[in-house]
Amino acid sequence: MNILAIETSCDETAVALLEASGTDESATFKILGNALLSQIEIHKQYGGVFPALAKRAHAENLTPLLHAALKEAGMLTEAPQDISEETRAKVSEILAREPGLTDAFLLFLSTTKHADIDAIAVTHGPGLEPALWVGVNFARALSVAWDIPIVPINHMEGHFLASLASCQGDTLTVESVKLPVLGLLISGGHTELDLMKDWLSYELLGATRDDAVGEAFDKVARMMDLPYPGGPQISKLAERDRETQRENPFILPRPMLESNDYDFSFSGIKTSVLYKIKEKGTLTDIEKEQMAREFEDAVSEVLWKKASRALDESGAKMLIIGGGVAANKHIQRLFTDMIARDHPEVTLHIPSRDLTTDNALMIGLAGFYRARRKEFKKDVTANGNLHLA
Ligand code: KG4
Ligand code: ZN
């Protein structure tokens, strides 16, 4: 099954083509094309993602990315095409609220032959709603023009399933999954613990009540005048401090450790950093490294304690960590050590970096399982607050 996947939920525009085969128990995904444009440079100056600019950039990027992904896959045939008035009208209507996209897409259609695609998988939530709509409408327009069915995909399910995958060269494999699987999904937009009890059936155990982990990393980085995205910057400074084994003068809270649930809260840690910086005036380079380390320690400890308790109480046999923050070295180390010590019966799986951050591969992966179930939908809508269920 050839799947075209589209992801526009945040600040990455991504289009991928996957050739998927197999079953729920054992599936293989050959990456035929994988095109991605990050908007980091656009949002840098705002210290976070600016929705209106994200929407515009997605609209500009989608057609060239589709072209690039098809080309990489060897599935691009450029030749003049007749487009019926009816198709032209429908496409224009669907893309009416995405400025600039209609002309670019109609030009693409009039110069590109229909490619051999069985399903379009598109992220319909959660995320920034205006950004999601661009991807959804693009998928709808392509669906009408090339007569390909759409499977709407939950972005978090994409992270979850991608975290179960192993990558070898240009092939992803999902097999030997031991249910139930506990997923800790940590990114710039989300922090949640989900339990996959049966295949593709989830229970949300807990989530952040305020900032997402990645968002807290980004905000703390901004307080310390570090560039966006702040996660990797904080991590770099913290690693430097770890090498020195210095005493740390900063102590930050570990919020909600004792609360009898799986929810998180990170805004208190962030505010505490702000007060400490205000107290000091400015931080020296060494103090920045120490603060980064204490912040990383506090966050990791809370994440681990909650995940550990969820493992105890759910009887999960696997633990996966997905989302951009899963790339954090200290979190990876802590989880690896603690699983070996406290839960040796649990298999920990942390996907490679390419699979943890936002991309369209993960949407294609989820698309395969949903398309196998024929979960096709005509009137797909975007929902910024979509939950896993
Ligand atoms: O999953 P992702 O690419 O996008 C979404 O937010 O959905 O995650 C991006 C987030 C950013 O907040 C970034 O600062 C954080 O992941 N991040 C990290 C690291 N690498 C990326 N946070 C901590 N340590 C890292 N090494
Ligand atoms: Zn994400």
Side-chain angles (χ1 to χ4, degrees), residues 2-18 32-39 42 51-124 127-153 358-360 363-364 367 376-382:
N2 286 344
I3 298 172
L4 176 80
I6 299 167
E7 156 64 39
T8 64
S9 69
C10 191
D11 60 348
E12 243 109 40
T13 323
V15 177
L17 265 157
L18 293 168
L32 304 175
N34 185 20
L36 186 142
L37 274 171
S38 165
Q39 302 174 10
I42 299 175
L53 290 181
K55 177 180 159 75
R56 200 167 71 194
H58 288 310
E60 276 168 17
N61 294 341
L62 274 171
T63 313
L65 285 175
L66 173 62
H67 188 274
L70 286 169
K71 193 167 179 184
E72 190 190 342
M75 288 165 68
L76 183 78
T77 317
E78 288 180 293
Q81 304 292 309
D82 281 333
I83 319 172
S84 71
E85 269 317 306
E86 193 194 344
T87 304
R88 206 173 269 279
K90 271 194 193 156
V91 164
S92 305
E93 190 193 327
I94 292 170
L95 297 178
R97 300 181 70 168
E98 321 301 342
L101 190 47
T102 314
D103 290 346
F105 185 63
L106 283 173
L107 181 63
F108 167 86
L109 286 181
S110 65
T111 51
T112 315
K113 249 179 131 169
H114 182 161
D116 176 20
I117 297 166
D118 301 297
I120 303 171
V122 64
T123 307
H124 69 134
L128 298 172
E129 216 157 277
L132 286 163
W133 268 116
V134 188
V136 164
N137 284 333
F138 189 71
R140 289 173 61 217
L142 188 64
S143 167
V144 162
W146 282 4
D147 192 23
I148 307 169
I150 301 180
V151 267
I153 298 299
D358 282 358
N359 59 68
I363 304 308
F376 301 118
K377 214 166 164 209
K378 276 224 155 56
D379 296 311
V380 183
T381 52

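When a residue number appears, it is its place in the shown sequence, counting from 1.
- In this structure, the side chains of Thr102 and Ile94 stay at 4.5 Å or more apart for every pair of heavy atoms.
- When all heavy atoms of Ala5 and Gly364 are compared, the pair lying nearest together is CB-N, 3.4 Å.
- Listed by first and then second residue, the salt bridge (Lys or Arg N to Asp or Glu O under 4.0 Å) pairs involving residues 70-81 amount to none (not counting sequence neighbours).
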Less than 3.5 Å apart, which donor and acceptor atoms pair up between the side chains of residues 129-153 and the rest of the protein, not counting sequence neighbours?
| from | atom 1 | to | atom 2 | distance (Å) |
| --- | --- | --- | --- | --- |
| Glu129 | OE1 | Gly384 | N | 2.6 |
| Asn137 | OD1 | Arg140 | NH1 | 2.8 |
| Asn137 | ND2 | Glu98 | OE2 | 2.8 |
| Asn137 | ND2 | Trp133 | O | 3.4 |
| Ser143 | OG | Ile148 | O | 2.7 |

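- Put simply, the side chain of Thr8 reaches to within 4.5 Å of the side chain of Leu62, judged on heavy atoms.
- For the pair Ile6/Ile363, no side-chain contact is recorded, criterion being any heavy-atom separation below 4.5 Å from C-beta on.
- Between His67 and Leu76, some side-chain heavy-atom pair lies under the 4.5 Å cut-off.
- Side-chain contact between Leu70 and Leu17: present, with at least one pair of heavy atoms (C-beta onward) separated by less than 4.5 Å.
- For the pair Asn2 and Asp116, the tightest heavy-atom approach, listed with the atom from each and the gap, is ND2-O, 3.0 Å.
- Side-chain contact check for Ser110 and Gln81: no donor-acceptor pair (N or O, by modelled atom type) lies under 3.5 Å.
- Two residues are said to be in side-chain contact when any heavy atoms from C-beta on lie closer than 4.5 Å; Glu60 and Leu101 fail this criterion.
- Counting heavy atoms from C-beta on, the side chains of Thr13 and Leu65 come closer than 4.5 Å.
- For Ser92 against Leu106, the heavy-atom pair with the smallest separation is OG-CD1, 4.0 Å.
- When all heavy atoms of Glu7 and Ala360 are compared, the closest pair comes out as CB-CA, 4.1 Å.
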Taking distance alone, no hydrogens or angles, what donor-acceptor pairs closer than 3.5 Å link side-chain atoms of residues 84-91 to residues at least two apart or in another chain?
| from | atom 1 | to | atom 2 | distance (Å) |
| --- | --- | --- | --- | --- |
| Ser84 | OG | Thr87 | N | 3.0 |
| Ser84 | OG | Thr87 | OG1 | 2.8 |

